[in-house]
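One structure below.
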Amino acid sequence: MPSRFREKILTLKNSNKNLAGILSVDLFGLPANHNEIDRLAKEHGLWHVEDAAQGFGGKIDNNRACSFGDISTTSFFPAKPLGCYGDGGAIFTDNIDVAEHIKSLRVHGKGSHKYENVNIGYNSRLDTIQAAILLEKLKIFDKEVVKKNEIAAMYTSALEDVKGVIVPKIPPGYTSSWAQYTLRVDKREELMTYLKSQGIPTTVYYPKTMSQTKALASFLKYQIGELKNSTNFASSVLSLPMHAYLTDEEVGYIYSKISNFYN
Ligand SMILES: Cc1ncc(COP(=O)(O)O)c(C=O)c1O
């Protein structure tokens, strides 16, 4: 959690910018610092939405991702911690009025009867086949998270002392569901090419910061500061293979090839 977050909120509030809320994003399976963000949101009268697309299955102490903020959203896209075989997602809230409104929006803005439309809505129903897949996968989900934590621990202990590699750190009290296991590395492109030649696929999540995308160029006027950390990360992050069905041999093969590369 950036210690200067409160300072940024105050800067925006004191400018003429219309600050309404906070969208916090869980990344790679690790929840953001929601306790602190919830506190700041309340202190400044802002709404707080937790984007738990990548956080599902993560925890802060015993509180699960998707339980923070006023509303929380998640994704069941295949690359996510709980993935279906197509598209899907869910929204969580304790606010009955918000829940009713979202249910209406989900089905073309329906009212008490499906053809009595009271809102301009969407077709956002979860496909029945995807729901059936998710129900089955949900039964084994907690076991998969435990297994992924074992795999992450193997990667971390093998790679934490390798010069040129920075392993991901999980803060005390937090649990990650390891949507991705992401290193920061020197000589990224060379490492990727070498690993590919050894039959190991890797991916860059993400090569650009949001502020570097064309789509958000018109919002740059709202940016405060230079975003040095995220810009540095975009040029050094590399995600390794990570799923609950990797064998110890496969994990060993991957980390030994990375060690070989730097040694
Ligand atoms: C942090 C985050 N938010 C939102 C989304 C969007 O999810 P979906 O494509 O299911 O709408 C994604 C997926 O890429 C994500 O990683």
Side-chain angles (χ1 to χ4, degrees), residues 1-2 5 20-34 37-38 41 47-60 64-93 98 101-103 105-108 121-135 137-138 141 144-145 148 152 168 170-171 174-184 201-216 219 223 227 229-231 233-234 237-243:
M1 175 76 178
F5 194 42
I22 303 171
L23 174 62
S24 58
V25 183
D26 300 342
L27 193 65
F28 303 152
L30 186 68
N33 185 341
H34 295 297
I37 297 170
D38 267 340
W47 49 252
H48 172 201
V49 172
E50 174 195 8
D51 177 346
Q54 299 188 25
F56 192 91
K59 284 189 211 161
I60 304 177
R64 284 182 177 265
C66 299
S67 68
F68 301 101
D70 303 298
I71 301 178
S72 169
T73 60
T74 198
S75 167
F76 300 131
F77 187 73
K80 299 295 186 275
L82 177 63
C84 57
Y85 294 170
D87 276 305
I91 300 178
F92 304 78
T93 181
V98 172
H101 188 61
I102 291 169
K103 283 187 201 164
L105 295 180
R106 177 176 64 184
V107 187
H108 302 297
Y122 327 94
N123 169 6
S124 278
R125 290 176 290 247
L126 182 64
D127 184 87
T128 316
I129 300 286
Q130 302 305 338
I133 290 163
L134 287 166
L135 284 172
K137 289 189 74 178
L138 200 50
F141 180 74
E144 289 186 332
V145 172
K148 285 199 278 181
I170 305 300
Y174 282 62
T175 306
S176 175
S177 56
W178 296 105
Q180 304 297 336
Y181 183 92
T182 302
L183 301 170
R184 279 184 284 148
T202 55
T203 317
V204 173
Y205 293 111
Y206 296 92
K208 280 186 174 186
T209 66
M210 301 229 348
S211 58
Q212 289 168 339
T213 61
K214 192 174 167 191
L216 295 181
F219 291 93
Q223 182 178 311
L227 309 184
N229 288 336
S230 47
T231 308
F233 293 165
V237 285
L238 188 66
S239 299
L240 304 185
M242 169 52 88
H243 60 78

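Numbering of ligands and ligand atoms starts at 1, following listing order. Only this structure's heavy atoms are used, side chains among them; waters, hydrogens and symmetry mates stay out.
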Judged by non-hydrogen atoms, does Asp87 sit under 4.0 Å from ligand 1?
no
Parallel under 30°, tilted from 30 to 60°, perpendicular over 60°: which one fits the rings of Tyr206 and Phe28?
parallel
Test item: [X] side-chain N/O and [Y] main-chain N/O as donor-acceptor pair under 3.5 Å:
{"X": "Gln130", "Y": "Tyr85", "value": "yes"}
{"X": "Lys148", "Y": "Ser177", "value": "yes"}
{"X": "Gln54", "Y": "Gly29", "value": "no"}

Has Ile129 got more than 12 heavy atoms of other residues, nucleotides or ligands less than 6.0 Å from its CD1?
no
Filtering Ser75, Ala52, Gly83, Gly55 for the heavy atom nearest atom 7 (O) of ligand 1 leaves Ser75
Assess the residue pair His48 and Asp70 against the criterion (side chain to side chain donor-acceptor pair (under 3.5 Å)); give the C-alpha distance rounded to whole Å, side-chain angles, the decisive distance to 0.1 Å, and a yes or no.
CA-CA 6 Å; His48 172 201; Asp70 303 298; over 6 Å; no
Nearest neighbour in protein (non-hydrogen) for [atom]:
{"atom": "atom 14 (O) of ligand 1", "answer": "Lys80 NZ, 2.9 Å"}
{"atom": "atom 3 (N) of ligand 1", "answer": "Asp51 OD2, 2.6 Å"}
{"atom": "atom 16 (O) of ligand 1", "answer": "Gln54 NE2, 2.9 Å"}
{"atom": "atom 5 (C) of ligand 1", "answer": "Ala53 CB, 3.9 Å"}

Which ligand 1 atoms does Val25 reach within 4.0 Å, using its non-hydrogen atoms?
1 (C)
